[in-house]
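Quick note: numbers below take in every heavy atom, side chains included, and nothing from hydrogens, waters or symmetry partners. Within every chain, numbering begins at 1; the chains are lettered A, B, ... in the order of the sequence lines, protein sequences first and strands thereafter. Note that this is a predicted model, so its numbers are computed, not measured.
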Amino acid sequence: MIPRTEAELFQRARALAGRTLGSIAAEHGSVPPVELVKAKGWAGQLLERALGASAASRAEPDFQHLGVELKSLPVDARGRPRESTFVCTIALSEIGDVEWESSRVWRKLRRVLWLPIEADRRLLPAERRVGEPLLWSPSAEEESALRFDWEELSGLMGRGAVEAITGHLGKWLQVRPKAANGQARRRALDADGVGFATLPRGFYLRAAFTARLLASHYAIGRP
DNA sequence: TTGTGATCATCT
DNA sequence: AGATGATCACAA
(Lines give C-alpha, C1' and ligand atoms only; values in the text may rest on other atoms or scores of the structure.)
Protein backbone atom coordinates (compact mmCIF):
# COMPACT_ATOMS: atom_id res chain seq x y z
CA MET A 1 0.00 0.00 0.00
CA ILE A 2 2.84 2.36 0.75
CA PRO A 3 4.40 3.64 -2.49
CA ARG A 4 8.07 2.65 -2.62
CA THR A 5 9.22 5.23 -5.11
CA GLU A 6 8.25 8.69 -6.14
CA ALA A 7 7.33 7.35 -9.59
CA GLU A 8 4.98 4.82 -8.06
CA LEU A 9 3.38 7.51 -5.93
CA PHE A 10 2.90 9.76 -8.93
CA GLN A 11 1.47 6.97 -11.03
CA ARG A 12 -1.01 6.21 -8.31
CA ALA A 13 -1.98 9.87 -8.12
CA ARG A 14 -2.49 10.00 -11.88
CA ALA A 15 -4.90 7.10 -11.61
CA LEU A 16 -7.09 9.26 -9.37
CA ALA A 17 -7.30 12.10 -11.88
CA GLY A 18 -10.76 12.59 -13.30
CA ARG A 19 -12.41 10.53 -10.60
CA THR A 20 -14.88 11.87 -8.08
CA LEU A 21 -14.15 11.95 -4.38
CA GLY A 22 -17.30 9.86 -3.91
CA SER A 23 -16.00 6.98 -6.01
CA ILE A 24 -12.64 7.07 -4.28
CA ALA A 25 -14.34 7.19 -0.90
CA ALA A 26 -16.39 4.11 -1.75
CA GLU A 27 -13.17 2.13 -2.24
CA HIS A 28 -11.87 3.12 1.16
CA GLY A 29 -14.96 2.76 3.29
CA SER A 30 -15.28 6.49 3.73
CA VAL A 31 -18.70 8.14 3.81
CA PRO A 32 -18.70 11.52 2.06
CA PRO A 33 -20.08 14.34 4.20
CA VAL A 34 -22.84 16.50 2.75
CA GLU A 35 -21.00 19.64 3.80
CA LEU A 36 -17.39 20.34 4.62
CA VAL A 37 -18.16 22.78 7.42
CA LYS A 38 -17.79 19.98 9.98
CA ALA A 39 -15.40 17.93 7.85
CA LYS A 40 -12.90 20.42 6.53
CA GLY A 41 -10.09 17.94 6.17
CA TRP A 42 -12.13 15.12 4.68
CA ALA A 43 -10.85 15.31 1.11
CA GLY A 44 -7.23 15.61 2.13
CA GLN A 45 -7.46 12.70 4.52
CA LEU A 46 -9.23 10.56 1.94
CA LEU A 47 -6.49 11.23 -0.59
CA GLU A 48 -3.85 10.35 1.99
CA ARG A 49 -5.49 6.97 2.41
CA ALA A 50 -5.94 6.46 -1.30
CA LEU A 51 -2.26 7.12 -1.92
CA GLY A 52 -0.97 5.10 1.00
CA ALA A 53 0.23 7.88 3.28
CA SER A 54 0.37 7.07 6.95
CA ALA A 55 -2.58 8.61 8.74
CA ALA A 56 -0.17 9.87 11.36
CA SER A 57 -0.15 13.59 11.83
CA ARG A 58 3.45 14.54 12.42
CA ALA A 59 5.50 17.61 11.64
CA GLU A 60 7.11 15.71 8.76
CA PRO A 61 6.29 15.15 5.09
CA ASP A 62 3.45 12.71 4.47
CA PHE A 63 5.72 10.29 2.63
CA GLN A 64 8.75 10.63 4.84
CA HIS A 65 10.78 7.90 3.12
CA LEU A 66 10.33 9.75 -0.17
CA GLY A 67 10.54 13.25 1.27
CA VAL A 68 7.26 14.11 -0.43
CA GLU A 69 4.43 16.16 1.06
CA LEU A 70 0.89 15.64 -0.21
CA LYS A 71 -1.31 18.71 -0.60
CA SER A 72 -4.82 18.83 -1.97
CA LEU A 73 -5.57 22.15 -3.62
CA PRO A 74 -9.17 23.34 -3.96
CA VAL A 75 -9.64 25.04 -7.33
CA ASP A 76 -12.56 26.84 -8.95
CA ALA A 77 -14.02 26.13 -12.37
CA ARG A 78 -11.19 28.04 -14.00
CA GLY A 79 -8.51 26.19 -12.15
CA ARG A 80 -7.65 28.97 -9.72
CA PRO A 81 -7.00 28.09 -6.08
CA ARG A 82 -9.94 28.96 -3.85
CA GLU A 83 -7.96 29.00 -0.63
CA SER A 84 -4.55 29.56 0.83
CA THR A 85 -2.56 26.41 1.64
CA PHE A 86 -1.69 25.55 5.21
CA VAL A 87 1.97 24.54 5.50
CA CYS A 88 2.79 23.91 9.15
CA THR A 89 2.38 25.15 12.68
CA ILE A 90 5.02 27.35 14.28
CA ALA A 91 7.05 26.38 17.33
CA LEU A 92 7.09 29.92 18.67
CA SER A 93 9.62 29.31 21.42
CA GLU A 94 12.15 27.83 18.98
CA ILE A 95 11.58 29.65 15.73
CA GLY A 96 14.33 32.18 16.44
CA ASP A 97 16.97 29.46 16.56
CA VAL A 98 16.01 27.61 13.37
CA GLU A 99 17.65 27.98 9.99
CA TRP A 100 15.79 27.86 6.71
CA GLU A 101 17.31 24.57 5.61
CA SER A 102 16.09 22.79 8.72
CA SER A 103 12.82 24.69 9.03
CA ARG A 104 9.44 22.97 8.96
CA VAL A 105 8.45 25.12 6.02
CA TRP A 106 11.36 24.04 3.86
CA ARG A 107 11.14 20.39 4.88
CA LYS A 108 7.52 20.35 3.76
CA LEU A 109 7.79 22.44 0.63
CA ARG A 110 10.98 21.10 -0.93
CA ARG A 111 8.94 18.39 -2.64
CA VAL A 112 5.15 18.49 -2.90
CA LEU A 113 2.62 16.33 -4.69
CA TRP A 114 -0.18 18.77 -5.52
CA LEU A 115 -3.58 17.28 -6.15
CA PRO A 116 -6.10 19.83 -7.47
CA ILE A 117 -9.67 19.22 -6.30
CA GLU A 118 -12.76 20.70 -7.87
CA ALA A 119 -14.15 22.96 -5.18
CA ASP A 120 -17.20 24.73 -6.57
CA ARG A 121 -19.47 25.30 -3.56
CA ARG A 122 -22.47 24.11 -5.56
CA LEU A 123 -20.97 20.63 -5.81
CA LEU A 124 -21.42 18.07 -3.09
CA PRO A 125 -18.08 16.85 -1.74
CA ALA A 126 -18.80 13.42 -3.26
CA GLU A 127 -19.31 14.97 -6.69
CA ARG A 128 -16.03 16.83 -6.78
CA ARG A 129 -13.41 15.54 -9.17
CA VAL A 130 -9.69 15.14 -8.65
CA GLY A 131 -7.44 16.84 -11.17
CA GLU A 132 -4.10 15.91 -12.69
CA PRO A 133 -1.39 15.70 -10.04
CA LEU A 134 1.72 17.85 -10.07
CA LEU A 135 4.97 16.69 -8.50
CA TRP A 136 6.74 19.92 -7.69
CA SER A 137 9.86 21.39 -6.19
CA PRO A 138 10.42 25.12 -5.84
CA SER A 139 12.64 26.65 -8.50
CA ALA A 140 15.70 28.50 -7.26
CA GLU A 141 13.78 31.75 -7.56
CA GLU A 142 10.76 30.37 -5.75
CA GLU A 143 12.88 28.99 -2.95
CA SER A 144 14.66 32.29 -2.61
CA ALA A 145 11.36 34.18 -2.41
CA LEU A 146 9.88 31.77 0.12
CA ARG A 147 13.03 31.94 2.18
CA PHE A 148 12.90 35.74 2.15
CA ASP A 149 9.36 35.74 3.58
CA TRP A 150 10.21 33.03 6.08
CA GLU A 151 13.25 34.89 7.36
CA GLU A 152 11.32 38.13 7.74
CA LEU A 153 8.49 36.46 9.63
CA SER A 154 10.69 34.14 11.66
CA GLY A 155 12.92 37.08 12.53
CA LEU A 156 9.98 38.97 13.94
CA MET A 157 8.77 35.99 15.92
CA GLY A 158 12.27 35.24 17.13
CA ARG A 159 12.46 38.75 18.48
CA GLY A 160 9.22 38.29 20.38
CA ALA A 161 7.01 40.27 18.00
CA VAL A 162 4.62 37.45 17.14
CA GLU A 163 1.60 39.51 18.18
CA ALA A 164 2.63 42.28 15.80
CA ILE A 165 2.34 39.90 12.86
CA THR A 166 -0.79 39.96 10.73
CA GLY A 167 -1.80 38.07 7.60
CA HIS A 168 -0.81 41.10 5.56
CA LEU A 169 2.90 40.37 5.94
CA GLY A 170 4.82 38.19 3.50
CA LYS A 171 4.61 38.19 -0.27
CA TRP A 172 4.00 34.46 -0.76
CA LEU A 173 4.20 33.04 2.73
CA GLN A 174 2.07 34.45 5.54
CA VAL A 175 1.43 33.76 9.21
CA ARG A 176 -2.15 33.30 10.35
CA PRO A 177 -3.91 31.77 13.37
CA LYS A 178 -4.03 27.97 13.42
CA ALA A 179 -6.08 26.89 16.38
CA ALA A 180 -9.09 24.96 17.55
CA ASN A 181 -10.60 28.26 18.69
CA GLY A 182 -9.79 31.71 19.97
CA GLN A 183 -9.05 30.45 23.48
CA ALA A 184 -6.22 28.15 22.42
CA ARG A 185 -2.77 29.17 23.64
CA ARG A 186 0.82 28.26 22.88
CA ARG A 187 4.05 29.13 24.64
CA ALA A 188 6.10 31.88 23.04
CA LEU A 189 9.04 34.06 24.07
CA ASP A 190 8.95 37.82 24.34
CA ALA A 191 11.77 40.19 23.37
CA ASP A 192 13.58 39.43 26.64
CA GLY A 193 13.26 35.68 26.29
CA VAL A 194 10.50 35.48 28.87
CA GLY A 195 7.74 33.01 28.18
CA PHE A 196 4.16 34.05 27.56
CA ALA A 197 1.03 32.47 26.09
CA THR A 198 -0.35 33.46 22.72
CA LEU A 199 -2.65 32.22 19.98
CA PRO A 200 -1.14 29.33 18.00
CA ARG A 201 -0.17 30.27 14.47
CA GLY A 202 0.88 28.59 11.28
CA PHE A 203 2.55 29.33 7.98
CA TYR A 204 0.32 29.45 4.91
CA LEU A 205 1.05 29.81 1.21
CA ARG A 206 -0.98 32.58 -0.35
CA ALA A 207 -3.38 31.53 -3.11
CA ALA A 208 -1.47 33.87 -5.42
CA PHE A 209 1.56 31.61 -5.04
CA THR A 210 -0.24 28.37 -5.86
CA ALA A 211 -2.08 30.11 -8.69
CA ARG A 212 1.24 30.98 -10.30
CA LEU A 213 2.47 27.49 -9.67
CA LEU A 214 -0.50 25.95 -11.45
CA ALA A 215 -0.40 28.48 -14.27
CA SER A 216 3.24 27.68 -14.98
CA HIS A 217 2.71 23.93 -15.06
CA TYR A 218 -0.73 23.60 -16.60
CA ALA A 219 -2.46 25.25 -19.52
CA ILE A 220 -4.91 26.93 -17.16
CA GLY A 221 -5.44 29.85 -14.92
CA ARG A 222 -4.60 32.47 -17.55
CA PRO A 223 -7.22 34.86 -18.86
C1' DT B 1 -2.66 18.35 24.14
C1' DT B 2 -0.46 19.26 19.80
C1' DG B 3 0.04 19.01 14.79
C1' DT B 4 -2.19 17.84 10.40
C1' DG B 5 -6.15 17.80 7.38
C1' DA B 6 -8.11 22.12 5.84
C1' DT B 7 -12.47 25.50 4.98
C1' DC B 8 -15.54 28.84 7.08
C1' DA B 9 -17.09 33.45 8.02
C1' DT B 10 -16.38 38.05 8.49
C1' DC B 11 -14.30 42.38 7.21
C1' DT B 12 -12.55 45.47 3.93
C1' DA C 1 -14.76 39.47 -4.51
C1' DG C 2 -10.62 38.63 -2.14
C1' DA C 3 -8.10 38.09 1.87
C1' DT C 4 -7.58 37.79 6.89
C1' DG C 5 -8.72 35.91 11.17
C1' DA C 6 -11.45 32.12 13.25
C1' DT C 7 -12.76 27.56 13.52
C1' DC C 8 -13.88 22.12 13.12
C1' DA C 9 -12.46 16.97 13.19
C1' DC C 10 -9.18 13.48 13.93
C1' DA C 11 -4.79 10.89 15.16
C1' DA C 12 -0.95 10.03 18.20
- Query: Taking C-beta and beyond as the side chain, do A/Arg176 and A/Thr166 meet within less than 4.5 Å on heavy atoms?
  - Reply: no

- Message: How many whole angstroms separate atom CG of A/Leu51 from atom P of B/dG5?
- Response: 13 Å

- Comparing A/Gln174 and A/Gln183 on DNA chain C - which has the more 5′ nearest nucleotide: A/Gln174

- Task: Specify the residue among A/Arg58 and A/Ser84 whose closest nucleotide of DNA chain B lies further upstream toward the 5′ end.
- Result: A/Arg58

- Query: Stepwise, does the salt bridge (Lys or Arg N to Asp or Glu O under 4.0 Å) test hold for A/Glu101 with A/Arg147?
  - Reply: CA-CA 9 Å; A/Glu101 286 79 5; A/Arg147 177 176 181 156; 3.0 Å; yes

- Message: What I'd like to find out is whether the side chain of A/Leu51 reaches to under 4.5 Å of the side chain of A/Phe63, using heavy atoms alone.
- Response: yes

- Under 4.0 Å between a side-chain N/O of A/Ser72 and OP1 or OP2 of B/dG5, yes or no? no

- Send over the distance from A/Glu48 CD to C/dA11 C1', rounded to a whole Å. 10 Å

- Query: Is there a side-chain polar atom (N or O) of A/Thr89 under 4.0 Å from OP1 or OP2 of B/dT4?
  - Reply: yes

- Message: Whole angstroms only, please: what is the CZ-P distance between A/Arg82 and C/dA1?
- Response: 13 Å

- Message: Please determine whether a side-chain nitrogen or oxygen atom of A/Lys38 lies at a distance below 4.0 Å from atom OP1 or OP2 of B/dT7.
- Response: no

- Task: For A/Leu21 and B/dA6, give me the distance from atom CG to atom P, rounded to whole Å.
- Result: 12 Å

- Message: Between A/Arg104 and B/dG3, is there a contact of a side-chain N or O with OP1 or OP2 at under 4.0 Å?
- Response: yes

- Message: Just the rounded figure in Å: distance from C1' of B/dT7 to CG of A/Asn181.
- Response: 16 Å

- So A/Gln174 and A/Ser84, side chain to side chain contact (heavy atoms under 4.5 Å, CB included) or not? Walk me through it. CA-CA 9 Å; A/Gln174 62 180 172; A/Ser84 55; 4.2 Å; yes

- Message: What contact category does A/Gly41 fall into here, base, sugar-phosphate, or nothing, at under 4.0 angstrom with non-hydrogen atoms?
- Response: base

- Pick base, sugar-phosphate or nothing for A/Ala184, based on heavy-atom distances below 4.0 Å to the nucleic acid. nothing

- To the side chain of A/Thr166, which of C/dT7, C/dG5, B/dT4 is closest? C/dG5

- Distance below 4.0 Å between A/Lys71 side-chain N/O and B/dT4 OP1 or OP2: no

- Task: Nearest-nucleotide wise, let me know which of A/His168 and A/Ala180 is further upstream toward the 5' end of DNA chain C.
- Result: A/His168

- Contact under 4.0 Å: A/Arg121 side-chain N or O vs B/dC8 OP1/OP2: yes

- Task: Quick one: label A/Ala39 by what it contacts on the DNA or RNA (base, sugar-phosphate, nothing), any heavy atom closer than 4.0 Å.
- Result: nothing

- Item | Rounded distance (Å) that lies between atom P of B/dA6 and atom CZ of A/Arg176 | 14 Å

- Under 4.0 Å from any atom of DNA chain C, heavy atoms only: list the residues of residues 201-209 of chain A that qualify, in numerical order. A/Tyr204, A/Arg206

- Establish whether the base of C/dC10 is bridged to the side chain of A/Gln45 by a donor-acceptor pair shorter than 3.5 Å. no

- Using atom CZ of A/Arg107 as one end and atom P of B/dG3 as the other, report the distance to the nearest whole Å. 12 Å

- Verify same cluster id: A/Leu205, A/Phe148 (apolar side-chain graph, 4.5 Å): no

- Message: Walk me through whether A/Leu199 and A/Arg185 qualify under side chain to side chain contact (heavy atoms under 4.5 Å, CB included).
- Response: CA-CA 5 Å; A/Leu199 189 64; A/Arg185 286 296 181 270; 4.0 Å; yes

- Are A/Lys178 and A/Phe86 in a cation-pi setup, meaning NZ or CZ lies under 6.0 angstrom from the ring centre and within 45 degrees of the ring axis? yes

- Message: Here's a test of your reading of the structure: between A/Glu83 and A/Lys178, which maps to the more 5' nucleotide of DNA chain B?
- Response: A/Lys178

- Quick one: label A/Pro74 by what it contacts on the DNA or RNA (base, sugar-phosphate, nothing), any heavy atom closer than 4.0 Å. sugar-phosphate

- Task: Mind running salt bridge (Lys or Arg N to Asp or Glu O under 4.0 Å) on A/Arg110 and A/Glu143 for me, showing each step along the way?
- Result: CA-CA 8 Å; A/Arg110 57 186 305 162; A/Glu143 182 190 344; over 6 Å; no

- Message: Using whole Å, what does the distance between atom C1' of nucleotide C/dA9 and atom CG of A/Leu36 come to?
- Response: 12 Å

- Item | A/Leu169 CG: over 12 foreign heavy atoms closer than 6.0 Å | yes

